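These numbers were taken from a predicted model, which means no experiment stands behind them. Here is how names work: the chains are called A, B, and so on, in the same order as the sequence lines, proteins then strands, and each is numbered from 1.
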Amino acid sequence: MNDLLSTLNERQREAVAATEGPLLILAGAGSGKTRVITVRIAYLIAERGVAPHNILAVTFTNKAAQEMRERVTKLIGGQKLSSAPLVSTFHSLCVRMLRRDIEKLEEGYTRSFTIYDQDDSVRVVKSCIKDLGYDDQRLAPRQTQGAISHAKNSGLDADSYAARVEAHDEKRAAIARVFKLYEERLVNNNALDFDDLLIKAVRLLRKREDVRAYYNERFRYILVDEYQDTNSLQFALIHFLTERQQNVCVVGDESQSIYRWRGADISNILNFEQHYPEARVIKLEQNYRSTQTILDAADAVIKHNTERKDKTLWTANPAGSPVRYYQAADAEGEARFVAAKIEEHRRADPTLRAAVLYRTNAQSRLFEEALRRAGIAYNIVGGFSFYERAEVRDIVSYLKLALNPHDSVALLRVVNTPTRGLGKQTLDDLYARAKDYGVSLWEAVGIVTTQGEGFSPRAVSALKKFQSIIEGLVARAQKESASEVVKAAILDTGYADALKAENSEEAESRLENLQELVNAAVDYDAEEGGGLRDFIDAAALVSDTDQYQMDAPVTLMTMHSAKGLEFPLVFIVGMEDGLFPHSRAAAEQAEMEEERRLAYVAITRAERFLYVTHAMRRRVYGEELASEPSQFLNEMPLELLEDLSRGASWLSFARNSSATEARHTARVLRGETSKQERRYGGKTYDSVDSIAEFFRQRGDQISRNAAAAKQSAQPDAPRQQPPPARTKATTRAGGAASSSTSSGGDFVPGTHVKHPKYGRGLVLRREGAGDSAKLTVSFPGFGQKKLVEKYAGLEKA
DNA sequence: GAACTTGCTGAATTG
DNA sequence: CAGCAAGTTC
């Protein structure tokens, strides 16, 4: 079967053929990573005679898993296989393991456990905060859930978290108590949150030799995709699974690590060779995806990061067209521009797929509107997914109860939906009773319906009604197919009737969504046939990125969601300081580097055409704010950019010599000059000559200042002060008023200054005079800011 | 007990 | 600006 390998280059072939022992594939963007993985699986089966069910491939999203499955099937051709390789996400792999063996953990969980998504977790956290008597203003449920999740991901349980709380830190002490109660409640509800899926699976492997042996025997060849995004739990999981055999192949690219904030540990990939001393390393450095120009832009940006493995991506592709740049007056104008350009491109080539990539989901709305107005069909990833719609969640809650009636979150959600006369008072009483007896809400329902417990006859009969509905569903779940139970959950509960009675358009569309849910279940029955249990598990584990449709002409999504995808035409929008890079990242170097990797990911999605845009004004929180171009624009070689803006733009400004020097100066300040020198199209930028020229022009004083600045960039120099607690995404138009220290005229270009928010900076430019004098100041790490001298509160540094 | 109104606060990225 | 929670009214 030589034709399997014939489509691959030499490195790729090596990566496929090195089947035995640990292997690290460092796969640069667009280097044919997925092809290598899929061919490798096919090769293992066809050439090495490995039984398919002995192969495990792990991905992060269902979409990636599904694509991989399809491609393997295609590669193997018509061959009938005795079994199939398991291609799964980390989370569904864990669910599989736990559904089989969770009882062996002896932590009180049974195999019919429920999975809580983030929304469910927050609800539980909220109830814990309330019941502990904390103020949910001071202890925001969302934040608290985030803190708990973060702790769990770093391997802490409630007790070890509590032990680490400093004596005086009341807030964290409160979180620790919430954490403890939260964990108890999950056990009581027989529920696991997303983090638990990994935690319990790892614990199971650690604790039980027999389980470990079973999986080591089963999975003889393991592949892990996007290895740079694995966290310590995922690492531990892989570690246990490869305990006996070391046939583990991990594929990743540390330049595309963008989930550090979620606990991804980049050292997993950086130290792979230490973890597996026998490891072989193969680098895939030829990019097949993008034009030379796009690759140059990406490369120039990522080179500003200090923390990276050395790897040079190259391509045999043509230079292609320049990166198109557009500065819009406001966010609406930016959206109009994008819509117009998409139309233009698609008129020339109707098959051209486009993506609009933004930093935050909130940015999507304007693009949706503009595209709709332009009559362009689009697909949106993220935001409200199908399974997040209230009506779908309601029905899913009924189904969850059918499988695990002790799930109190699900119970509370639907006990009075549709309304059946169970108001706040009754539920509070029920809740109190459950707490008194130390039982689940479902058991409390049972007690009240048999003993009365002093509840009003009306309440008792309503509860009885609810009870019989759930019992009916429980019975059905045991013998009927998923779609049958889904239908029952919509009809027998009175849910559909209540919607019909509303007789509104809104209700009509909800009914349609529920019909969709039924369709999904019917499909599931036909394809997987795993029953309601598996259907609900799958529904709980769908992710935003799973919504991506490969054939959609236009896709709107975050840059995060775009990882792993490619498009001939890409728009990176909202390239503004504070938005991208995000203001929350500005305080820490490591976070800034992650933002930069995100920029790298976004740029390298583009195959042929790349547009970068930003707006001068944007509404944030309903407030009009002025914004500056992103420093990432500044980090692209300006020669590669073509300015499509109307009138003067930041780019035209940057291209005149003084601004170019400003760029150099900013780099000098960050001590970054020596490594950055590089040639683009025969022209040099960042040349030592022009920096020298710059200093000659500015005179001796500046050279001295620059030298001082360079010193302050040393590691032992005092760190710049942290930003204020609430940094707005952009600087307020008109400037923040504060004490005016200046007597005017002090801050000529070249002066080093100190700003209350941004720390040290260098004045690049001065416009106007007197009270209206405006300064352009470059702050290392914050980019350039335009400040009104009078209000800026600047001091000489 | 349910529908409506006001007022407040908060959104970075995700399985 | 928008979504949600508490308060207000029927």
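Residue ring and nucleobase are stacked for A:His582 and B:dA12, with a centre distance beneath 5.5 angstrom and an angle between planes beneath 30°.
Listed pair A:Asn361 / B:dA12 fails the phosphate criterion, with no side-chain N or O lying under 4.0 Å from OP1 or OP2. Considering only side-chain N and O atoms, A:Thr61 lies nowhere under 4.0 angstrom from the phosphate OP1 or OP2 of B:dG15. Residue A:Thr360 places no side-chain N or O under 4.0 Å from the OP1 or OP2 atom of B:dA12.
Residues A:Gly423 and A:Trp261 each lie close to DNA chain B; by heavy-atom proximity, the contact nearer the 5' end of the strand is made by A:Gly423.
To the nearest angstrom, C1' of B:dT14 lies 11 Å from CD of A:Glu388. Note: CD (A:Glu226) to C1' (B:dG15) measures 13 Å, nearest angstrom. The distance between atom CD of A:Glu502 and atom P of B:dA2, rounded to the nearest whole Å, is 14 Å. One atom, CG of A:Leu357, and another, C1' of B:dA12, lie 16 Å apart when rounded to the nearest Å. What separates CD of A:Glu594 from P of B:dA12 is a distance of 15 Å, to the nearest Å.
With no hydrogens or angles considered, no side-chain donor-acceptor pair links A:Tyr600 and A:Gln256 at under 3.5 Å.
Comment: A:Glu226 engages A:Lys563 in a salt bridge, judged by a side-chain N to carboxylate O separation of less than 4.0 angstrom.
At a threshold of 4.0 angstrom between heavy atoms, the contacts of A:Arg365 are confined to the sugar-phosphate backbone, with no base atom among them. Among the protein residues, A:Phe90 comes within range of no part of the nucleic acid, since none of its heavy atoms lies under 4.0 Å from any strand. Contact annotation for A:Glu591: base contact, defined as any heavy-atom pair under 4.0 Å involving a base atom.
With A:Ser543 contributing its side chain and A:Thr61 its backbone, the two residues share no donor-acceptor pair below 3.5 Å.
Looking at the side chain of A:Lys130, the nearest of the listed nucleotides B:dG1, C:dA6, B:dT14 is C:dA6.
Applying the 3.5 Å distance criterion, the base of B:dG15 shares a donor-acceptor pair with the side chain of A:Asp195.
Comparing the C1' positions of C:dC4 and B:dT13 gives a spacing of 23 Å, expressed to the nearest Å.
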